[in-house]
Number of protein chains: 2
Amino acid sequence: MSKSKQQAVEDATGLTEEYDNEVGSFIREQRERANLSLRRLAERAGVSNPYLSQIERGIRNPSAEILKRLSRALEISAETLYTRAGLIEDGPAAPTVVDAIESDRSLTPRQKQVVLDLYRALVEAGAATDEPNE
Amino acid sequence: MSKSKQQAVEDATGLTEEYDNEVGSFIREQRERANLSLRRLAERAGVSNPYLSQIERGIRNPSAEILKRLSRALEISAETLYTRAGLIEDGPAAPTVVDAIESDRSLTPRQKQVVLDLYRALVEAGAATDEPNE
DNA sequence: GCAAGCTGCTAACTATTGCAAGCGGCGATC
DNA sequence: GATCGCCGCTTGCAATAGTTAGCAGCTTGC
């Protein structure tokens, strides 16, 4: 092959370990959003709690296996976490909230309706009064 | 999950689909399909060649970072490799509701919290009492 | 024959992951 | 106000990821 792929090598060796620090804070964010203590999430994911603590603070760089368990325990897709960790180039196409709720398995149709109603109500209110941007 | 059938050229490698959940044999197959020697792929991916050898034979379990570099060097998507490595579930285990809400653009962070709280509360309740399906 | 070039693999080593044990702090119950 | 339980964090230590150096085999050319 031609040497046109030097960029890839250079990129690969140069490396991307600079912005993987945000995985930790992202995980912590998701954990707190789920109202889980560090220990509870750790147990749920099958990871030791000190290690999770270090992951969240960016001290340790978790393997994909650990990330996978954490994504499961946090009920977010592994792709999202990998993207956040810089392990996947482009993020997964964000599904719409409505689609996601519709295809969810842990909710009854009635419950879906409730969540959807709330979601739509908030969107309506937000659109009328305030911009989503923080 | 049907794999691509671009096996028009058989290469007489005789490898075929022997791989199970192993990433290694899949990587080796892709490498040979690209007519790359082990050393060349290793260099291209920025990995040492003995290590790549061990990965291909399933002796070592590569981190996601290494998989990412290999996927680039092989010019296949990282998702494919991760799925092959069993690091991404293409199965139903990952509900995307949380992701969808998280990445939604029409909600403020506060509103997201509200919807997520409701969603999780319903899931919890549903799990505790009655499942919508199996 | 034999050196030069490749192929993939083994061995020994270092660096990092990931864990168990244990720390001090904070709120509740007695 | 001591004890219990949970919180997150620090500290060593075992396991393993990933390295460099070097092995044997197999061609090609001199």
Side-chain angles (χ1 to χ4, degrees), chain A residues 1 3 9-18 20-21 23-74 78 81-82 85-87, chain B residues 11-15 18-19 21-74 78 81-82 84-87:
Chain A
M1 288 307 174
K3 49 188 78 171
V9 177
E10 183 180 344
D11 201 359
T13 50
L15 224 44
T16 60
E17 296 177 347
E18 299 188 355
D20 58 347
N21 209 0
V23 206
S25 41
F26 179 69
I27 290 176
R28 174 159 293 189
E29 194 177 315
Q30 293 300 313
R31 173 174 68 80
E32 290 174 344
R33 233 178 250 276
N35 288 321
L36 285 171
S37 76
L38 194 149
R39 279 186 143 94
R40 274 183 56 77
L41 174 60
E43 184 180 5
R44 206 164 144 172
V47 186
S48 74
N49 67 82
Y51 189 44
L52 177 56
S53 169
Q54 288 166 324
I55 289 171
E56 288 189 349
R57 283 175 299 148
I59 297 177
R60 291 282 213 268
N61 183 18
S63 72
E65 174 62 36
I66 300 294
L67 284 180
K68 174 185 157 195
R69 295 194 219 162
L70 287 173
S71 74
R72 267 206 219 155
L74 285 171
L81 214 47
Y82 293 159
L87 296 173
Chain B
D11 284 352
T13 55
L15 263 185
E18 187 65 25
Y19 47 80
N21 278 333
E22 285 296 335
V23 220
S25 33
F26 179 68
I27 291 176
R28 173 157 294 188
E29 190 173 322
Q30 294 299 315
R31 174 173 67 81
E32 290 177 342
R33 211 163 262 174
N35 285 324
L36 284 172
S37 76
L38 195 149
R39 279 187 144 91
R40 275 184 60 75
L41 173 60
E43 182 180 6
R44 207 164 141 170
V47 187
S48 72
N49 65 83
Y51 189 46
L52 177 56
S53 169
Q54 289 166 322
I55 289 172
E56 289 189 348
R57 285 174 297 148
I59 296 176
R60 291 282 212 263
N61 182 20
S63 71
E65 176 60 37
I66 300 294
L67 285 180
K68 175 186 162 194
R69 297 194 216 165
L70 287 173
S71 74
R72 271 205 216 159
L74 285 171
L81 214 48
Y82 293 158
R84 208 75 198 186
L87 297 174

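The structure displayed is predicted, hence computed values, not measured ones. We name chains A, B, ... by the order of the sequence lines, and we start the count at 1 in each one.
- Atom-to-atom distance recorded for B/N61:CG and B/I66:CD1 is 11.5 Å, nearest 0.5 angstrom.
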Using a cut-off of under 3.5 Å, enumerate the N/O to N/O pairs linking the protein to nucleotides 10-16 of chain C.
{"unit_1": "C/dT10", "atom_1": "OP2", "unit_2": "B/R57", "atom_2": "NH1", "d": "2.5"}
{"unit_1": "C/dT10", "atom_1": "OP2", "unit_2": "B/R57", "atom_2": "NH2", "d": "3.1"}

Taking only nitrogen or oxygen atoms into account, show me every contact under 3.5 Å that the protein makes with nucleotides 3-7 of chain D, one pair per line with its distance.
{"unit_1": "D/dC7", "atom_1": "OP1", "unit_2": "A/S37", "atom_2": "OG", "d": "2.9"}

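- Contact annotation: the side chain of B/S71 never approaches that of B/Y82 to less than 4.5 Å [non-hydrogen atoms, C-beta and beyond].
- Between the P atom of C/dG18 and the CD1 atom of A/I55 lies a distance of 7 Å, rounded to the nearest Å.
- One atom, OH of A/Y51, and another, P of D/dT16, lie 14 Å apart when rounded to the nearest Å.
- Counting heavy atoms from C-beta outward, A/L74 and A/R44 have side chains that stay 4.5 Å or more apart.
- Annotation: the span from B/E29 atom CD to B/E32 atom CD amounts to 8.0 Å, rounded to 0.5 Å.
- One finds a side-chain N or O of A/R28 lying less than 4.0 angstrom from the OP1 or OP2 phosphate oxygen of D/dC9.
- Between A/L67 and A/I27, the closest side-chain pair of non-hydrogen atoms falls below 4.5 Å.
- A 6.0 Å sphere centred on CD of A/E43 holds no more than 12 heavy atoms belonging to other residues, nucleotides or ligands.
- With a 4.5 Å cut-off on side-chain heavy atoms, B/L70 and B/V23 do not count as touching.
- D/dT16 atom P lies 18 Å from atom CD1 of B/I66, rounded to whole Å.
- B/S63 comes within 4.0 angstrom of the backbone, heavy atoms only, and of no base.
- Residues satisfying the salt bridge (charged side-chain N to carboxylate O under 4.0 Å, His left out) criterion with A/E65, sequence neighbours excluded, are A/R69.
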